[in-house]
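Worksheet: one structure, shown below.
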There are 2 protein chains.
Amino acid sequence: MPTIAPQLAELAGLIADPGRARILSRLMDGRAQTASELALLAGITPQTASWHLSRLVQRALLKVERRGPRRLYQLATPLVAQMLEGMMTVAVTGPSRPPPRIDDQMRRARTCYDHLAGELGVAVTDAMLERGYLALDQDAGELTAAGVVFLGSLGLDLRSPARRRRALCRPCLDWSERRRHLAGRAGASIADLAFQRDWIRRRPQGRSVEITEAGLAAFRNLFGARI
Amino acid sequence: MPTIAPQLAELAGLIADPGRARILSRLMDGRAQTASELALLAGITPQTASWHLSRLVQRALLKVERRGPRRLYQLATPLVAQMLEGMMTVAVTGPSRPPPRIDDQMRRARTCYDHLAGELGVAVTDAMLERGYLALDQDAGELTAAGVVFLGSLGLDLRSPARRRRALCRPCLDWSERRRHLAGRAGASIADLAFQRDWIRRRPQGRSVEITEAGLAAFRNLFGARI
DNA sequence: GCAACGCTTCGATTGCGATCGAAATGTTCA
DNA sequence: TGAACATTTCGATCGCAATCGAAGCGTTGC
């Protein structure tokens with residue numbers, strides 16, 4: 001009875017190394033990084049990092065792009081990000097885990113591949129739930145008619161890719177807040193909007209984002225988020 | 001900058017062993033198995049299996065229940081199943097992976113923790129999509145009004161747990177068919193129904209299920225599934 | 001063409017985890 | 001209480017993968 005267990009084990013083994021795990025979680029925001037940057041981040045020498053990166057690329061967890069003499073690495077597909085997101089969720093949901101000391105900026109606001117996470121992500125999601133724009137349960141979610149109208153008023157048309165379908169969303173379990181927040185196409189659209197309108201800015205390194213003055217006002221007034 | 005990378009690596013390391021991976025994928029159907037059965041399945045001695053199982057329990061991937069002199073192991077939470085499902089998806093989505101030889105029965109019909117998968121799961125999902133009962137995209141899904149009515153006619157009331165919310169569903173990427181199929185509360189309800197009405201039966205071992213004569217007729221006539 | 005730089009390949013070392021035999025523990029039933 | 005059985009603990013062995021120094025490769029720019 002051949003199963004996929006060997007492939008599962010192989011995949012897990014690729015993530016099981018601390019250095020590779022650091023690299024992968026750093027790339028969770030979808031941006032690309034050079035090999036040197038990743039080596040520095042992972043606390044290993046460039047040659048070791050190179051070996052790790054080549055394995056990750058070969059197994060198609062990462063893709064690489066040559067930019068001049070340097071190579072830029074990033075997650076191969078959103079599917080990989082989603083998988084890592086699920087693993088992180090379980091990783092912090094453990095039994096009597098020592099409370100994971102998480103970077104304050106990271107906890108405050110960050111991106112989770114394509115959508116908002118941290119206190120900001122949860123606050124926005126809570127506000128949308130309260131206003132009846134959204135329904136989320138354990139493993140599925142739905143934008144209400146009022147929600148479609150609301151996002152439409154912000155200039156987001158979530159019907160664009162496939163007009164026969166309504167706007168779709170899914171819940172993502174936040175590993176710092178241990179609360180569900182909005183992901184999926186709706187979540188990604190809101191994050192895009194926030195960057196476009198300069199409500200949030202990426203910090204030079206790390207996945208955390210900075211909430212601007214305008215952003216704080218927008219999230220509070222437009223969304224009703226308590227943040 | 002403390003991150004969750006170490007915990008991610010530790011978790012992955014727990015899945016990275018072939019024996020443990022076999023055990024985990026065997027338990028993906030949510031049922032419990034004894035330590036001996038799992039040892040036999042994984043092809044290792046009972047003492048080695050015991051060591052693996054204790055690690056999995058300690059890290060809260062499994063929970064154990066004592067039934068007389070034997071111990072029954074099963075996945076600790078649905079969250080773990082969902083994580084493994086995501087990993088399996090990536091595990092078979094690799095680049096030039098040698099075509100994973102998958103057990104025929106397994107490919108035909110199986111359960112994925114709480115919902116239908118394999119050809120059967122995909123066929124039922126396709127039929128529901130065609131009839132406009134369902135909308136699925138990359139990472140979210142939605143039951144239409146017609147879908148709620150349809151499932152209601154089968155005796156399924158998906159509003160029960162929380163009446164303020166509509167019936168919710170999510171897509172699950174099938175690792176044998178490489179196609180999306182219905183999961184979430186709606187998917188689980190349909191699978192429950194199928195077991196209750198004896199449309200499908202669990203095979204003594206493994207996660208594959210047998211489609212009964214009545215089941216074949218039901219899936220074809222009631223759902224319009226081409227199977 | 002040559003130097004500078006980023007990255008990769010090679011080779012040798014090291015440490016940790018998987019494994020199983022042997023023995024201990026625990027549970028049920030007579 | 002004692003026998004039968006499932007499971008766990010202990011101890012020793014073994015193999016593999018992570019690591020880094022040194023050297024090689026490839027690209028860019030002068």
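Each chain gets a letter, A, B and so on, in the order its sequence line appears, and its residues count up from 1.
Contacts classified as ring pair (Phe, Tyr, Trp, His ring centres under 6.0 Å) and involving residues 184-206 of chain B (residues at least two apart or in different chains) are given here: B:Trp199-B:Phe219. Among residues at least two apart or in separate chains, there is no side-chain hydrogen bond (donor to acceptor under 3.5 Å, both in side chains) pair with a member in residues 209-219 of chain B. Residue pairs meeting the ring pair (Phe, Tyr, Trp, His ring centres under 6.0 Å) criterion with at least one partner in residues 24-78 of chain A, sequence neighbours excluded, are absent.
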What does the B/S/- profile of nucleotides 21-30 of chain C look like, 5' to 3', with a 4.0 Å heavy-atom cutoff to protein?
BB---SSS--
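The nearest whole Å value for the distance from the CG atom in A:Leu53 to the P atom in D:dA18 is 13 Å. Note: CD (B:Glu10) to P (C:dG17) measures 11 Å, nearest angstrom. Taking atom CG of A:Leu72 as the reference point, atom C1' of C:dG6 lies 12 Å away to the nearest angstrom. With rounding to whole Å, A:Gln58 atom CD is found 14 Å from C:dT9 atom C1'. If you measure from atom CH2 of B:Trp51 to atom C1' of C:dT19, you get 9 Å, rounded to the nearest angstrom.
Residues satisfying the side chain to side chain contact (heavy atoms under 4.5 Å, CB included) test with A:Gln47, not counting sequence neighbours, are A:Thr45. Applying the side chain to side chain contact (heavy atoms under 4.5 Å, CB included) rule to B:Leu40 yields no partners; only residues at least two apart in sequence or on another chain are considered. The side chain to side chain contact (heavy atoms under 4.5 Å, CB included) test applied to A:Ser25 returns A:Met88, B:Ala5, not counting sequence neighbours. For B:His181, the ring pair (Phe, Tyr, Trp, His ring centres under 6.0 Å) criterion is met by B:His115, not counting sequence neighbours.
Counting heavy atoms from C-beta outward, B:Ile227 and B:Ile211 have side chains that approach closer than 4.5 Å.
If you check every strand for non-hydrogen atoms under 4.0 Å, B:Ser54 touches nothing.
Nearest to the side chain of B:Arg55, among C:dT19, C:dG17, D:dA6, sits C:dG17.
If you check residues 14-23 of chain A against DNA chain C, you find no residue with a heavy atom closer than 4.0 Å.
OP1 and OP2 of D:dA17 both lie 4.0 Å or more from every side-chain N or O belonging to A:His52. Using a 4.0 Å cut-off, no side-chain N or O of B:Thr48 falls inside it from OP1 or OP2 of C:dA18.
A donor-acceptor pair shorter than 3.5 Å cannot be found between the side chains of A:Ser208 and A:Arg110.
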